[in-house]
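By convention in this document, chain letters (A, B, ...) are assigned in the order of the sequence lines, proteins followed by strands, and residues within each chain are numbered from 1. All heavy atoms count here, side chains included; hydrogens, waters and symmetry mates do not.
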Number of protein chains: 2
Amino acid sequence: MGMEKVTMADVARAAGVSKSTVSQYLNKRYEYMGEKTRQKIEEAIKTLGYQPNFLARSLKQKRTSFIGIIVANITHYFSTEVSRAIEDFFHQHDLQAIVCNADDDPEKEKKYIEMLRAKQVDGLIIFPTGQNHDLYKNMVEQGYPVVFMDRKVEESLNVFSILTDNTESTYKAVQRFIDKGHKHIAFVVQPLRVSTRLDRLEGYKRALNDAGIEINPDYIVEADIPDMKAKLERLFSMELKPTALFAANDRAFMAVVEFLKEKKIQLGEDLELIVFDNIPFAHLLDTPISFIIQPAREMGFKAAELLYGQIKQEDRTPEVFVFPSKMI
Amino acid sequence: MGMEKVTMADVARAAGVSKSTVSQYLNKRYEYMGEKTRQKIEEAIKTLGYQPNFLARSLKQKRTSFIGIIVANITHYFSTEVSRAIEDFFHQHDLQAIVCNADDDPEKEKKYIEMLRAKQVDGLIIFPTGQNHDLYKNMVEQGYPVVFMDRKVEESLNVFSILTDNTESTYKAVQRFIDKGHKHIAFVVQPLRVSTRLDRLEGYKRALNDAGIEINPDYIVEADIPDMKAKLERLFSMELKPTALFAANDRAFMAVVEFLKEKKIQLGEDLELIVFDNIPFAHLLDTPISFIIQPAREMGFKAAELLYGQIKQEDRTPEVFVFPSKMI
DNA sequence: TTGTACGCGTTATCAG
DNA sequence: CTGATAACGCGTACAA
């Protein structure tokens, strides 16, 4: 059953023609091809069960029809939504997406970028950790097709980026809390290493400032997920407990909900909650939580389109696209 | 800025050695290599910014270090959990996973299988639609590494498969309903085209039979998602409304919950619910729903391990692994 | 219309 | 220890 790989040469031999003729046939250039040779080739291919080897073709053509997506955190629902949109787009153009998970680790990110480039993928869409500046710069300068997604890289780099209006959306959400009479508003966030979190915090602070409310650092909880419970414990043991809470992303939200359940703190009564992130099944909940939703599919499509343009060599100057979120 | 691709030949020239020597260096075979040549090569690589081309290597070695995962439905949370486990496993072995979404469409599945094989991926893990028997057979007979996941393919094929104990788990769940006194138990499912759904239905029927309850076909709702609401409407307008409901997977579950919300039917009071599927954030809900959870990560790891064994040519006879689910 | 010869960037073999 | 030389499977001028 060994069934040795059958190559173009085998087909040519079986059909009694040369390799180039077979190649012509495969690439549908049968304008100048005899009807009889065409049929012979067709038959030979069928009987031998020939399958072209795209690897060899890619080597020659310098295109693999693969693109890479490097997400910072694959358990982040928003990232998977974006990835699916990107995949859908490229599927229509016969390119395949390879999704890699950098786990918010700059080293891993570096490894993946290098690996995917070594494997000659045609372009990259990256949710950057932000810590590999030289690498980003290198790609851009070499004219390698790349689009950054969700998080900012250094301003100095002239690149295509897709972002959300983090600061503005947060500002409006917090404003809403204030309008409802809340004065003690907490902000819960993972470590402030990436632009999204910083921008959201910025929106929170500005909203308080503009409303003349003093910013109380004790209401700002910054922690890694494992430490979050302890910090929340402290937050809710203050004399002036928060009456409203802004969770800066889905992980923070989950930590908060688990904590509240444990402490039997009632949502809507003791505490109001707004979450910045897309949450699966959110519409099934009937708890009084507001969500700030990012238009993941649109963002994904846009990124894909921009990358595709670069791959197709359509010259266009890099630009930053900011998408508005909406609150539900 | 053009920065033409620098190849091994360039490095060799710059270092004043031959390509083969550079190749040796890259593959860390410097046992018999002069210290000075080693340094010259190292320097040349650095100054030229040389990056090996894995494509060319793959062509020669007949291994790409890519494996493919073809999921039937990528919006299915269970599938993504499994996929992540597979990715994690292969990442440890320096292989990358390419995830493709067949959308439960046999044509798409066929296209992906052919495409991935043409691109010479080293092996495939497939959530099969079940409709491409010849293709499956072909792979198996050619000794191509492949593992089937979640759904059965025809018995006649001697292949590695990973399954859940669909029938047994459903049996037990329905039994639980019966023990609680329920007599009118509905079963809601998408079209019965795949083994998982059929097996679950089988469990439902057996449980009723064994309890001496007659099977009422009107309580079995089989519909595509778009039609499901209409059919549920009919189900709940029967004189004898169901007091318990078994949702055969996540999509069915969502349709049911949306319907219930609309009709203001209270879970726990008017109706009890069991869902066969892993649902994200399920533990955050405090509604009285039971879930049958499949051990996605374990299943993914097992599949990965089995595929890896085949890729590494460890001979082992194909086997079917059935994992137990658990109810929470 | 078809065939020859070479290139794509590596690795494997084997002689020196 | 190092270097020719021939693969790997396909695409493509160019010649016939």
Side-chain angles (χ1 to χ4, degrees), chain A residues 3-42 44-45 48-66 114-122, chain B residues 3-42 44-45 48-66 114-122:
Chain A
M3 234 192 233
E4 295 306 314
K5 266 282 189 260
V6 21
T7 79
M8 235 175 60
D10 300 320
V11 176
R13 201 174 311 120
V17 298
S18 81
K19 281 196 307 176
S20 19
T21 311
V22 178
S23 176
Q24 309 273 32
Y25 171 87
L26 290 172
N27 293 292
K28 310 203 187 300
R29 308 289 311 152
Y30 9 61
E31 298 158 16
Y32 305 114
M33 199 180 317
E35 181 62 25
K36 16 26 187 326
T37 44
R38 190 156 115 194
Q39 288 180 351
K40 279 191 299 185
I41 295 175
E42 203 162 323
I45 288 181
L48 292 179
Y50 167 73
Q51 301 273 144
N53 181 333
F54 271 67
L55 214 58
R57 168 185 293 190
S58 296
L59 180 58
K60 182 74 185 176
Q61 296 186 157
K62 297 174 182 305
R63 298 186 289 105
T64 54
S65 303
F66 278 132
E114 285 173 347
M115 185 274 289
L116 288 173
R117 292 200 61 186
K119 289 199 173 173
Q120 314 299 115
V121 306
D122 296 340
Chain B
M3 238 196 230
E4 294 309 313
K5 266 283 189 255
V6 21
T7 80
M8 235 176 61
D10 299 320
V11 176
R13 202 174 309 120
V17 299
S18 81
K19 282 196 302 178
S20 353
T21 310
V22 178
S23 178
Q24 306 274 33
Y25 172 87
L26 290 172
N27 292 293
K28 311 203 189 299
R29 307 290 312 148
Y30 11 61
E31 297 159 14
Y32 305 114
M33 200 180 316
E35 180 63 26
K36 41 300 166 66
T37 44
R38 190 157 117 196
Q39 288 181 350
K40 277 192 298 183
I41 295 173
E42 202 163 322
I45 288 181
L48 293 179
Y50 166 73
Q51 302 273 144
N53 181 334
F54 272 67
L55 213 57
R57 165 184 297 188
S58 296
L59 179 60
K60 183 70 184 176
Q61 296 188 156
K62 298 173 185 305
R63 300 185 287 106
T64 55
S65 302
F66 278 131
E114 286 173 346
M115 185 274 290
L116 288 173
R117 291 201 62 187
K119 290 200 173 173
Q120 315 297 119
V121 305
D122 297 340

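The B/K60 side chain lies nearest to C/dT11 when the options are D/dG11, C/dT11, D/dT2. Here the side chain of A/N27 is nearest to one of D/dC10, D/dG11, C/dG9, namely D/dG11. Distance from the side chain of B/L59 is smallest for C/dG9 among the nucleotides C/dT2, C/dG9, D/dC10. For B/V17, whose side chain is taken as the heavy atoms from C-beta onward, the closest listed nucleotide among C/dG3, D/dG3, C/dT10 is D/dG3.
Taking atom OH of B/Y25 as the reference point, atom P of D/dG3 lies 16 Å away to the nearest angstrom. Residue A/K119 contributes atom NZ, which lies 15 Å from atom P of C/dT10 at whole-angstrom precision. Remark: P of D/dA7 and CD of B/Q61 are 18 Å apart, rounded to the nearest angstrom. One can place NZ of B/K19 at 12 Å from P of D/dT5, the figure rounded to the nearest angstrom.
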| Would B/I45 and B/Y25 satisfy side chain to side chain contact (heavy atoms under 4.5 Å, CB included), going step by step from the backbone distance to the final call? | CA-CA 11 Å; B/I45 288 181; B/Y25 172 87; 3.6 Å; yes
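Among the protein residues, A/V22 comes within range of no part of the nucleic acid, since none of its heavy atoms lies under 4.0 Å from any strand. Backbone-only contact: B/T7 has heavy atoms under 4.0 Å from sugar-phosphate atoms and none from a base. Residue contacts for A/S58: at a heavy-atom cut-off of 4.0 Å it reaches no nucleic acid atom on any strand shown. Using a 4.0 Å heavy-atom distance criterion, B/K62 is classed as a sugar-phosphate-only contact. Contacts of B/M8 with the nucleic acid, taken as non-hydrogen atoms under 4.0 Å apart, include base atoms.
Looking at which nucleotide of DNA chain D each of B/A56 and B/T37 is closest to, the 5′-most match is held by B/T37.
Inter-residue side-chain proximity for B/R57 and B/N27 is flagged as met; some heavy-atom pair is nearer than 4.5 Å. Looking at heavy atoms from C-beta onward, A/M115 lies out of side-chain contact with B/S65 at the 4.5 angstrom threshold.
Taking CD of A/Q120 as the reference point, atom CZ of A/F66 lies at 12.5 Å (rounded to 0.5 Å).
Closest non-hydrogen pair, B/L55 versus A/L59, comes out as CD2-N, 3.8 Å.
The phosphate of C/dT10 has OP1 or OP2 within less than 4.0 Å of a side-chain N or O from B/Y50. OP1 and OP2 of D/dT12 both lie 4.0 Å or more from every side-chain N or O belonging to A/S20. The shortest distance between the side-chain N/O atoms of B/T21 and the OP1/OP2 oxygens of D/dG3 is below 4.0 Å.
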